[in-house]
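First the structure, in the form of structure tokens, and then the observations on it.
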Amino acid sequence: MKTAEIRRRWLDYFASKDHEVVPSASLISEDPTLMFTVAGMVPFIPYMTGLVPAPYKRATSVQKCVRTLDIEEVGKTTRHGTFFQMNGNFSFGDYFKKDAISYAWEFLTSSRESGGLGIDPERLWVTVYEDDEESIKLWREQSSIPLERIQKRGMKDNYWSTGQPGPAGPCSEIYFDRGPSYGVEGGPEADEDRYIEIWNLVFMQFERGEGTGKDSFEILGELPSKNIDTGMGLERVAFLLQEVDNLYEIDEVRPVLDLAAKLSGKTYGEKEEDDVRLRVVADHVRSALMLIGDGVTPANDARGYVVRRLLRRVVRAMRLLGVEAPVFKKLFTASKDAMKESYPELDKDFERILRTAVNEEEAFLRTLNSGLLVLDEEISKAKGSKAKALTGDSVFLLHDTYGFPVDLTFEIAQEAGLGIDRDKFTSLMNIQRQRAKDDAKQKRSTNADLSVYGEFRSLGTTKFTGYESLRSSAKVVGLIRDGQVVKSLAQGETAEVILDETSFYAESGGQDSDSGFIVADSVVLEVLDVQKPVKGLVSHSVLVKQGGLGLGDKVATEVSADWRLGAAQAHSATHVVHAALRQVLGPQALQSGSYNKPGYLRLDFSWSEQLSQATKTEIEEVTNLAIRQDLAVSARFMSVQEAKDFGAVALFGETYDESVRVIQIGGPWSRELCGGTHVSRSSQVGLVSLMGEASVGSGSRRLEAYVGFEAFQFLATERALVATLTDSLKVPREQLIEKINSTVEELRQAQKTLSALSMEQLMTRLPMIIEKAKSVGSTKFVVENIGQVDSAEQVREFAVAVREKLEPGSGVVAIAGECAGKVVLLVATTNKARAAGIGAGKLVKEASEILGGGGGGKDDIAQGGGPKTSELAKALIALEKSIAG
RNA sequence: GGGGACUUAGCUCAGUUGGUAGAGCACCUGCUUUGCAAGCAGGGGGUCAGGGGUUCGACCCCCCUAGUCUCCA
């Protein structure tokens, strides 16, 4: 049975049992503490913990998941995959153990004709938590499973909790017996290779208290509302039903494995080492495909780095299989074709996905090539020192600084007859890991306890009226001060206020929160910040300026009209700039984040190179033309599917409700999913002026711009600057650039000429100075102060010129000059003088010490000096004496 | 977020406890010569990424900033 078929049957089955079919959430988890969606229940956690009331009583989903913790195990075992799909059925205070067990049994064992999987009941085993007699009883009643195929297990295996106080409960797991050829008899307790876990039923029954580990905590009592959370690993069931050996051989993965084998000329199943590599390729290509599909791009930060690592590991594995040419285009196409039945959006978005992957492949091939040069050097160094292995430091340097994978280093070193010091490498890696972890621990802000909001959220959502009006009358439904629920607020206090409705826009979608006041009779609260701590709930951070406030009070919210207009202008401007960006650069320049507030906008987008000035100007022109065209701005609510069909740009990493708001500017010109506040016509934005463009890491860039009056002010300042320049340089503005260039050039030429001239002039003194040369024995010596000079170079040049005149005889030249308030002293010696044992370095040193400085150099020429200009005469006399010996 | 590395002529890169910045290619001029990266001779071209510090003296050592590459969380 094909994987997509199992998936379909699953959803159909639970839909027939009145479950809401919930589409898979993005792999980018909404929970900021999770990097990815790592389990099927992740999107349902707020409902499980009761933070947010569940919108349905029972639900089912097939959730995309990514886990990279065991990345090194991929390909070596049957069931470690970095990407997998988790089938789940959930009950929120509705059905419990009995139905959960009966559904599971029925779905697995009922015939294929009737929509089940048609698994032979004889092959199924079950485990339960050791104290959970109730489940054993229910299994016996709801299924045909004999008691001897039900095994009891302890807390470690069969008890679920989040690791923190909250819901917890026993689990019951279903195992599939692969048969005697895979291991010994005796159920999952005996052999987990033969008996494969396929389905975990979690019975959220109890409330747990504080505790240290997975199996040591206190049970506080029964939960008022019991939940069911189950997970059936789709890939596991698929590989069992397709009667293949592992999850890399199922229909959704195998084509990539086969293609990799074909490209490398290897035969799958021939050599374990190569098989592992082929499986790694198949697994990682699929994971990267799905991640990029959900909007993750290779980068140096958390999520981006995971994708980068997956992609690079593919390249590495292919190299180890002997393939050096680019292969991503073929591999990704094969993976997409294998996956598109379940995920048709991959097909639509494939151009972008492929380009992202191929860009990374090209970048890494470049990295590998430059790494090879370094590796060659390290190898010849090791060979030169007669070492038998590359040092751990070399291997680590290659990996850490040049991105060269250890495995490749190992292979290439081996070919050169060398080993590698893997232990040292590993210890260096551990040090690096520890450093990063320590830092993360230190920086981690205390995990905000959101439970205080759950109480208010359960009363309902905050109604947002701010699209239509700046004012709203509301009732105070909650007050929170210092994280504690309170009944009233007094003047001067800062606190959070929760209302039944509000016209205040909470910070989201990049738009800063509204500013204004909440008022009542003789009560004034200044709104400092507005946030949505929990989906659907708005919290106003306020300062009580006047009066006091109590629960249940009637108040009015008053958003500052000025602020809102500025915010709307900035947010609409962000959409316009985004559309302009994509028009100029192409659709791949997708926004990856943004921030805007009155007068300012910032927009991060995926792009890998610096924008030229011309491009920036073009983007600015397109933006301002769209503003000038007075395009209509409209907001419409529609379903996600409608919005997508409509061509609206949905941003990755943002999560949207069933019903989404689409903002259009000029009809199709700009269509984005967005909850923000906007102007009603583009002309109201006024003006946008780009101010900065910078890189925020590989593959991502940031534009900053001023909006509206601030844009005008910015341009006015620039104009004033130009005016000042034209004034100082005395040219019309059109000639400004030329004038600056020519002035700079002239200045450089003048400086050159000047220094040549002063050198020339200095040279005229040469004969006179030679004339004055004294002699000691056969050695002539010249000691001269030439006064002010431009630079030490002049003194050196002059000294060399003098020395030339003394060649080929024995001669010593000492020339001093003054430059920048300090003495520059140069001593040069001729060949013969040196042969007679006169060294320039020593002479300079002695004389410089008198000058309060130091000096040194080589025997033929040395430089020194010091700040004591007044001591120069003394120093020169000392020098003469020293030469005279 | 925390580490590591790199930035030198138009291009690719050298540059030795800190002591006059080089090579190859490209460019210009002249000669020679027209068989595939032509040869020979000569020449121009550098704020050694930017800023600050230490020093008599910094491409080199220290600090800050920017850009690029890379590893880890």
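All of these numbers come straight from a predicted model, not from anything done at the bench. The analysis underlying the following values was restricted to heavy atoms, covering all of them including side chains, and did not include hydrogens, waters or symmetry mates. Each chain gets a letter, A, B and so on, in the order its sequence line appears, and its residues count up from 1.
- With sequence neighbours excluded, no residue forms a salt bridge (Lys or Arg N to Asp or Glu O under 4.0 Å) with K780(A).
- The side chain of R435(A) contributes no N or O atom lying less than 4.0 Å from OP1 or OP2 of G2(B).
- Rounded to whole Å, atom C1' of G19(B) lies 9 Å from atom CD1 of I861(A).
- For the pair D400(A) CG and G3(B) P, the interatomic distance rounds to 12 Å; values are reported in whole Å.
- Atoms CG (L372(A)) and C1' (U70(B)) sit 15 Å apart, rounded to a whole Å.
- Residues L69(A) and V38(A) fail the side-chain proximity criterion, which asks for heavy atoms closer than 4.5 Å.
- For N369(A) and U12(B), the CG to C1' distance is 15 Å, given to the nearest whole Å.
- Nucleotides C62(B) and U68(B) have their C1' atoms positioned 23 Å apart, rounded to a whole Å.
- Here A73(B) is the nucleotide among A73(B), U20(B), U70(B) with the atom lying nearest to any side-chain atom of R309(A).
- When the nucleotides A5(B), A73(B), U20(B) are ranked by their closest atom to the side chain of T401(A), A5(B) comes out on top.
- For the P atom pair drawn from G44(B) and C28(B), the interatomic distance equals 16 Å after rounding to whole Å.
- Here, C69(B) and U8(B) have their P atoms 15 Å apart, quoted to the whole Å.
- Going from the C1' atom of A9(B) to that of G45(B) covers 6 Å, rounded to whole Å.
- Residues that satisfy the ring-ring contact (aromatic ring centres under 6.0 Å, His included) test with F714(A), not counting sequence neighbours, are Y706(A).
- Residues that satisfy the salt bridge (Lys or Arg N to Asp or Glu O under 4.0 Å) test with E797(A), not counting sequence neighbours, are absent from this structure.
- R355(A) and E362(A) are not joined by a salt bridge, as no carboxylate oxygen comes within less than 4.0 angstrom of a charged side-chain nitrogen.
- The same atom, C1', is picked in G39(B) and in U33(B); the two are 8 Å apart, to the nearest Å.
- Taking 4.0 angstrom as the limit, T367(A) places a side-chain polar atom (N or O) nearer than this to OP1 or OP2 of U70(B).
- A straight line from CD1 of I431(A) to P of A73(B) spans 14 Å, rounded to a whole angstrom.
- Summarising the geometry, the separation between CG on D438(A) and P on A73(B) is reported as 13 Å, rounded to the nearest angstrom.
- For E818(A) and T869(A), the side-chain atoms include no donor-acceptor pair closer than 3.5 Å.
- A gap of 44 Å separates the P atoms of G57(B) and C40(B), to the nearest Å.
- Map R303(A) and R312(A) each onto its nearest nucleotide of RNA chain B; the residue landing nearer the 5' end is R312(A).
- Here the side chains of R796(A) and I861(A) are in contact, with some heavy-atom distance below 4.5 Å.
- Only the P atoms considered, U32(B) is 25 Å distant from A37(B), to the nearest whole Å.
- Consecutive pairing runs in RNA chain B reach the stem threshold at B:1-7 with B:66-72, B:10-13 with B:22-25, B:27-31 with B:39-43, B:49-53 with B:61-65, where a stem means at least three Watson-Crick or G-U wobble pairs with distances under 3.5 Å.
- Rounded to whole angstrom, the span from the CG atom of L825(A) across to the C1' atom of G19(B) amounts to 13 Å.
- Annotation: side chain of V824(A) is in contact with side chain of L826(A) (closest heavy-atom distance under 4.5 Å).
- Along RNA chain B, the nucleotide closest to R433(A) and the one closest to A363(A) are compared, and the more 5′ of them pairs with A363(A).
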List, one per line, each side-chain donor-acceptor pair under 3.5 Å for residues 833-843 of chain A, sequence neighbours excluded.
from: R834(A); atom 1: NH1; to: T829(A); atom 2: O; distance (Å): 2.8
from: R834(A); atom 1: NH1; to: T829(A); atom 2: OG1; distance (Å): 3.2
from: R834(A); atom 1: NH2; to: N831(A); atom 2: OD1; distance (Å): 2.5

Quick test: give all pairs of protein nitrogen or oxygen and nucleotides 55-60 of chain B nitrogen or oxygen below 3.5 Å, distance rounded to 0.1 Å.
from: C56(B); atom 1: O4'; to: G865(A); atom 2: O; distance (Å): 2.8
from: C56(B); atom 1: N1; to: G854(A); atom 2: O; distance (Å): 2.7
from: C56(B); atom 1: N3; to: G854(A); atom 2: O; distance (Å): 3.2
from: C56(B); atom 1: N4; to: G855(A); atom 2: N; distance (Å): 3.4
from: G57(B); atom 1: OP1; to: K822(A); atom 2: NZ; distance (Å): 3.3

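- On the C1' atoms, G67(B) is 41 Å away from A41(B), given to the nearest whole Å.
- Across every non-hydrogen atom of E360(A) and P298(A), the tightest pair is OE1-CB, 3.3 Å.
- If you measure from atom NZ of K845(A) to atom P of G19(B), you get 15 Å, rounded to the nearest angstrom.
- Scanning atom types as modelled, one donor and one acceptor separated by under 3.5 angstrom connect the side chain of Q432(A) and the base of G2(B).
- A donor-acceptor pair under 3.5 Å links the side-chain atoms of R313(A) to the main chain of I71(A), judged by distance alone.
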